[in-house]
Amino acid sequence: MRRTARLRTALVRTAAATGAALAVVAVALTAQGAQRQDPGPGDATATAPGISGITVTRRAGGGFEALVVHDSKKPGEPRISRYAHRPGEAPRAVPLDWRGAGEPIDLEAIDRVPGRPGEYIALASEGIGYRVRVTGNTGEAGGTGVEVLDLFPLPAISEGDNFEGFALAPTAQAGVMVAVWADRGQDDRPATLYAARMVLNQYGEPRFGPVRTAEFRAPYPARDVRHVSDLTITASGELLVSSASDPGDEGPFDSAVHAAGRVGLDDAGAVRLTLAEAPRTRATFEGHKVEALACVPGTRRAAVGTDDEANGGALLTAALCG
């Protein structure tokens, strides 16, 4: 069932003695037929960088911790931030230092590497993956920086691809993961979803099996649409896709999250990517450009991030998974 969700958020830039910190206050999410979630102290001008990708690192204190990426393009701008969500508290996103390689341009997605605590893969829009590790931490997501361990290109890149989604899921086979990524598409050009088995060799380098592809057209929004702005895989193998209307930096924006299909391994161990003939729209977000989507493990909640360009970004939760 479609639910129309409206988000009001406050994002305030603060300063700390050791550098700039981003205070992100999720004020309210209201949806038809749903209760308000994450109430906060009030509205303010959104000035923090938008969120282009997210992975939830763990549940903690009734909330969760996450890493988010930003589509920064200029030197010195934040590429990745640590985020903590606690009920009844103002959440904070703290930028992490980027170490071990040149600063990437236009990061659009991030996910944790199953079976390798503290390791993640972030994806730039051109199709270059960065396997990174959180450093200087006393907990998995409590570090001060990220160290680049490896860079690699995605397989089967086509001319004109512009990637905005990447997700990993464990399988019953030890060391074998399913990887899914997507060229976003635009208006009449559908998105292309890619899926493949992925393993890490003895050096930690990703190795992909045969790639499966499928086209996806978002049922909503209808104009200036990026058919895939992010994606995530639920614990049951369901593929959730966000889509966004982006007419320009001033908007107006519109977004939705759809149940797009399923992904996993078949009995022979080959990747199976099955898209729904009629994708179901789980929620719509009028006035916002959703670019980040991840399930909170063990719950029906999803962390949803927006990049509203001139109006900054927001991070909220909604019951979309399960």
Where do Val113 and Met177 land on the side chain to side chain contact (heavy atoms under 4.5 Å, CB included) test, with the steps shown first? CA-CA 9 Å; Val113 179; Met177 296 161 260; 4.0 Å; yes
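- A distance of 6.5 Å separates CG of Leu200 from CD1 of Ile121, quoted to the nearest 0.5 Å.
- Under a 3.5 Å cut-off, the side chain of Arg79 and the backbone N or O of Glu77 do form a donor-acceptor pair.
- You'll find the side chain of Ile110 stays beyond 4.5 Å of the side chain of Tyr130, heavy atoms only.
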Report the C-alpha separation of Tyr203 and Asp150 in whole Å, then their side-chain angles, then the decisive distance to 0.1 Å, and conclude whether the side chain to side chain contact (heavy atoms under 4.5 Å, CB included) test is met. CA-CA 9 Å; Tyr203 306 107; Asp150 187 37; over 6 Å; no
What verdict does the salt bridge (charged side-chain N to carboxylate O under 4.0 Å, His left out) test give for Arg189 and Glu215, after you've listed the backbone C-alpha separation in whole Å, the side-chain angles of each residue and the deciding distance to 0.1 Å? CA-CA 9 Å; Arg189 182 173 67 86; Glu215 292 185 347; over 6 Å; no
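- For the atom pair CD1 of Ile233 and CG of Leu168, the computed distance is 7.0 Å after rounding to the nearest 0.5 Å.
- Counting only N and O atoms by type, the side chains of Thr299 and Arg59 include no donor and acceptor under 3.5 Å apart.
- A salt bridge does not link Glu103 with Lys73: every distance from a Lys NZ or Arg NE/NH1/NH2 to an Asp or Glu carboxylate oxygen is 4.0 Å or more.
- Put simply, CD1 on Ile128 and CZ on Phe152 are 8.5 Å apart, with the number rounded to the nearest 0.5 Å.
- Under 3.5 Å, the side chains of Ser245 and Asp224 contain no donor-acceptor pair of N or O atoms.
- In this structure, the separation between CG on Asn162 and CD on Glu108 is 7.0 Å, given to the nearest 0.5 Å.
- Residue pairs meeting the side-chain hydrogen bond (donor to acceptor under 3.5 Å, both in side chains) criterion with at least one partner in residues 262-273, sequence neighbours excluded, are absent.
- Proximity of a side-chain donor or acceptor of Arg217 to a complementary backbone N or O of Asp188 within less than 3.5 Å is detected.
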Please evaluate residues Tyr120 and Ile80 with respect to the criterion side chain to side chain contact (heavy atoms under 4.5 Å, CB included), reporting the C-alpha separation (whole Å), side-chain torsions for both, the decisive distance (0.1 Å), and the verdict. CA-CA 11 Å; Tyr120 307 86; Ile80 186 167; over 6 Å; no
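- For Asp308 and Lys289, the salt-bridge test fails: no basic side-chain N is under 4.0 Å from an acidic carboxylate O.
- Side-chain contact between Val178 and Leu265 is present, with at least one heavy-atom pair separated by less than 4.5 Å.
- The side-chain heavy atoms of Val132 and Val148, taken from C-beta on, include a pair separated by under 4.5 Å.
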Show me the side-chain donor-acceptor pairs of residues 204-213 shorter than 3.5 Å, one per line, residues at least two apart or across chains.
unit_1: Glu205; atom_1: OE1; unit_2: Asn201; atom_2: ND2; d: 2.8
unit_1: Glu205; atom_1: OE1; unit_2: Arg207; atom_2: NH2; d: 3.0

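- Note: Ser72 OG to Trp98 CH2 = 11.0 Å, rounded to the nearest 0.5 Å.
- Between Ser52 and His70, the side chains place no donor N or O within less than 3.5 Å of an acceptor N or O (distance only, hydrogens not considered).
- Between Leu239 and Leu193 there is a side-chain heavy-atom pair separated by less than 4.5 Å.
- Looking only at side-chain heavy atoms (C-beta outward), Pro279 and Phe216 come within less than 4.5 Å of each other.
- Of the charged side-chain nitrogens involved, at least one lies within less than 4.0 Å of a carboxylate oxygen, so that Arg133 and Glu119 count as a salt-bridged pair.
- Using a 4.5 Å heavy-atom threshold, the side chains of Leu154 and Asp161 count as separate.
- Within the 4.5 Å cutoff, side-chain heavy atoms of Arg99 are placed close to those of Thr144.
- Residues Ala196 and Val271 come closest through the heavy atom pair C-CG2, 3.4 Å.
- Between Trp181 and Tyr194, the ring planes are parallel. Angles under 30° get that label, and only those over 60° would be called perpendicular.
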